[in-house]
Structures are given as structure tokens and as C-alpha cells.
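Report on one structure; see the data block that follows.
Please read all numbers here as calculations on a predicted model, not as lab measurements. Basis for what follows: all heavy atoms, side chains included, without hydrogens, waters or symmetry-related copies. In what follows, chains are A, B, ... by sequence order, proteins preceding strands, each numbered from 1.
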Amino acid sequence: MKLLYKELTLAAHPTSIVFAFLGCLVIVPAYPYTVIFMFGCLDPYLTFINARETNDAWYTAILPVTKREIVKGKCLLIIIFQLFQLLFSIPFVFLRNVLDVKNNPVGIDATVAWYGFGLILYAVFDLVFFPAFYKSGYKAGKSFILAAIPMLILMIGVEGSVHIPVLFWLDSYKPEHLLLQLPILLFGILCYAVFLTLAYRMSVKRFEKVDL
Amino acid sequence: METVLRVDGLYKSYPGFSLENVTFSLNSGRIMGLIGKNGAGKSTTLKSILNMVHPQRGSVTMFEKNFHQNEKECKQRIGVVFGGIDFYPLKKLSTMTAVTRTFYKNWDQEQYQLYIKRFSLDENKKFKELSSGMKVKYLLTLALSHHAELLILDEPTSGLDPVSRDELLHIFRYVVKNEGCSILFSTHITSDLDRCADDITYIQNGKVLQSAEKETFLRSFEHLKTPQDTAPLTLEEIMLRTERSVWDETAV
């Protein structure tokens, strides 16, 4: 907990915290909702840039923590941001339905499948971003560009999928369609858990070799 | 006398520079100055000791324990100050303290308040608003507030005016005497050591040229004296005569 407290108080960029609240954008009637995931991917980028510019790694290295824990702190922070963003959006999805907002004409609605795709997108982004960053311990820009490639492909894929007639159920709130979408959410959860564990382990291994 | 730090055969190679077989030890209640010109390997040595840089060979024993195997435990008992680095420049001192104190089992808030007052630090100031001397004092306050037994200071006096430097050197003496800790500090300002150090380790091109108690250290460089030198050589003279190279104008 103290690691997370340190990350939130000293390392996190204030904009990252604002981005974590942007799950509320699912209330907007016409909007490409996968852009919300992009904000969640910008969180680690901004935080790591901020940490680098404030000599966070050096400060943390002189505290009684190991390099493994330095990585752990950052991973925990990003997981909190990304999961909070998705959880924060849930009441707005209900509000949207209560207000009877029409189906999103731009792309996918915030359905169960959307949450599953979000978790998959975050999992893939983090799996590329974290190990790429911890190879050097400071190249946040390069790591973001590398991770943004699969992120953009997935975003386009998700937004485009609902325009394919046979996949219309991905964009539906009907109970029978939500049930069909459930495996995507479960796969997303599995993906996020496995990929983040993998990303953490790879990052630790790489960061252990980095000279500060 | 108890040995608080023993560095044995540290080796770290970079393209164009290597730290070779760095060996020295520091006893309890002593101040050791680590000297050498810019780029000699002082900071790399300190960072290797702290596991911030991975030495390819060698060992670091701190409080009779292998540092790299007992990193967290050892770090609980030390304080580290890097001079010239801005940590979280936009954060208030009170915020940094609130975070830092959670990491130390022995955090002593009374002691912290005491040093904050003694050093005239304003906790509501942001880190960047402090002068270079005040930054070092704040980091020292954090180190002393968890009763660090060993202070590792990297260039704490560099960039400070003579008055601030003198004040800091007094503080070093004070904390060794009153807090019972030992200090290892790197510097290229030899006059700091004349006033403050008990032991000196001299690093040249990544190798330890000499590591000894100050008097022994000074005597070991008597061969550098010329017939014109009547008084003992100062540390500055020793360093200059050891490092000085003939400027070849034709090469330019």
C-alpha cells in the first residue's frame, strides 16, 4: 500500500488522474468509445514521463525498496487507473440506458463486449509498453509508440466490427446478446490478468539489469 | 572499531571506462571522503554500492551483511543524499516527508521536527524553491529522522557557496558526534576533506589509488614533494600533481 501511496502522491501526473475519470464519456450519445481506452493508455505514458522528469527512480532507489518493488509500484498504479476507469464508466452506462440515449452511431456501444475488448486492449498495450520502458528505464516515448501500434489496430478493429452486419450483437444491450458477449468479457479478464503478470515479470527482469 | 561498510573488489565496465577492483572499508563513527577528479568513478562507486548500478564483480558488506542480498534491511539503516538532483521539484516538502516516513520502521517525527527547525526549513515550500544548500539539508533531515547509521552522500557540497559548504561540513561533524553515524561522501573539493574527513579514499580512472586514515594518506604521497616544498603537501597539491598532464599544444 505504501508503494501505491507513494506512486499516487509523488509520481502520478495529475492529468493521469483526470484521464482515469474519463470512463464517464460513455454517456456521450455519439462518440468512438474506444478512445476512452486510449486515455487509459496515455496514463502510463504521462506518468512515466513525469516520473522520469522528477527523478522518481532515483528517489525510490534510495528508499528501502528493491528494483522489483519499483516496478511493482508503477504496475499497481497503472492497473488501478485502468480498472478504475472501466469501473467508473459502469454507472454512466446505466444512466445512458435510463435516459434512453439512442444507439451510438459512431461505433461500438459500451456493451459487455466493449468492456471485454477494453481489457484485451489494455492487456496488449501494457504487455508491450512496460517491458519496452523498463529495458532502458527512461524511454517512455519510444515505448508508447511501440505499444500504440497494436492499440490503434485493436481500436480500429473494435470500432469497425459493429459495422459488419453479422456482428450486430456486439453492439446490442438485449439480454440474449449481452449473454453472447459474456465470453468476450471473461476472455478480457483472463487476458488482462495473464498479460499484466507477464509484463510485470519481464519488466522486473529487464529493470534489474538497468544502471540508474 | 566496528566496520559499517566494506567494499571489496568492485568491478564495473562501461565502453571507455571501467571501475576496477575498488576496495575500501569505513569504520563506525568516521567520515570518509571519496575524492577524484570529474569522471574518475566516484558516483559510479557509490551507485554500485547502492545497487543502482550493477557491478559485474565484487561485494558490498554493510553492517556485517551482504548488501545485495539484504538490500531492504540495509537501506533501513542508511541515508543517501545526492547533491545537485531535483527530486519532485513541484512537490511540497511536507508531501515528500509524508510519503518517505511510511517506508521507515524507525521514523522519528520529533527528530524530524527538530532538524526542520534547526535547518530553518519551511515544509510548505516546494522542493524547487529551496536553494542548493537547503536541498541537501532537507535530504539530510530525512536521513537523520530515521536514525541512519551510515550516510552516503554524493557530491553534497558541489555547487554550494563557501559559507553553505562550511555550514554543511559542521553539520557532518555534528551528526557523527551526536547521532553516532558514519559518513561516506564523494567530492572533488579537496578543502572539504581538510576540514572534515578522518579517512580518504582516492579514486583515479576507476581504480583506488590510496585509501587510508588522513595522516597516513598524506604521508603516502610524500614522493610527490619537490626540494622546494618545505611544508607537507595539501590534498589539493597531491591531487593536482597526480592528475596533471602536460598540455600538448601541437596536438591541438
So, the part of Phe82(B) with a heavy atom under 4.5 Å from chain A: the answer is side chain
With a 4.5 angstrom heavy-atom cut-off, which part of Leu142(B) approaches chain A: side chain, backbone, both or neither? side chain
Is Phe92(A) atom CZ crowded by more than 12 heavy atoms from other residues, nucleotides or ligands, each under 6.0 Å away? yes
Let me know if Ala98(B) has heavy atoms under 4.5 Å from chain A in its side chain, its backbone, both or neither. both
Gln76(B), part contacting chain A, at a heavy-atom distance under 4.5 Å: both
Centre-to-centre under 6.0 Å for Phe48(A) and Phe129(A), is that the case here? yes
Determine the option with the most heavy-atom pairs under 4.5 angstrom with chain B, choosing from Leu3(A), Leu10(A), Val210(A). Leu10(A)
State whether the side chain of Lys47(B) and the backbone N or O of Leu212(A) hold a donor-acceptor pair below 3.5 Å, judged by distance alone. yes
For Thr60(A) and Lys6(A), which I'm curious about, is there any donor-acceptor pair between the side chains at under 3.5 Å? yes
Chain A: which of Phe87(B), Tyr88(B), Phe103(B) shares the most heavy-atom pairs with it under 4.5 Å? Tyr88(B)
If the condition is side-chain contact (heavy atoms from CB on, under 4.5 Å), which residues does Arg201(A) pass it with, not counting sequence neighbours? Thr197(A)
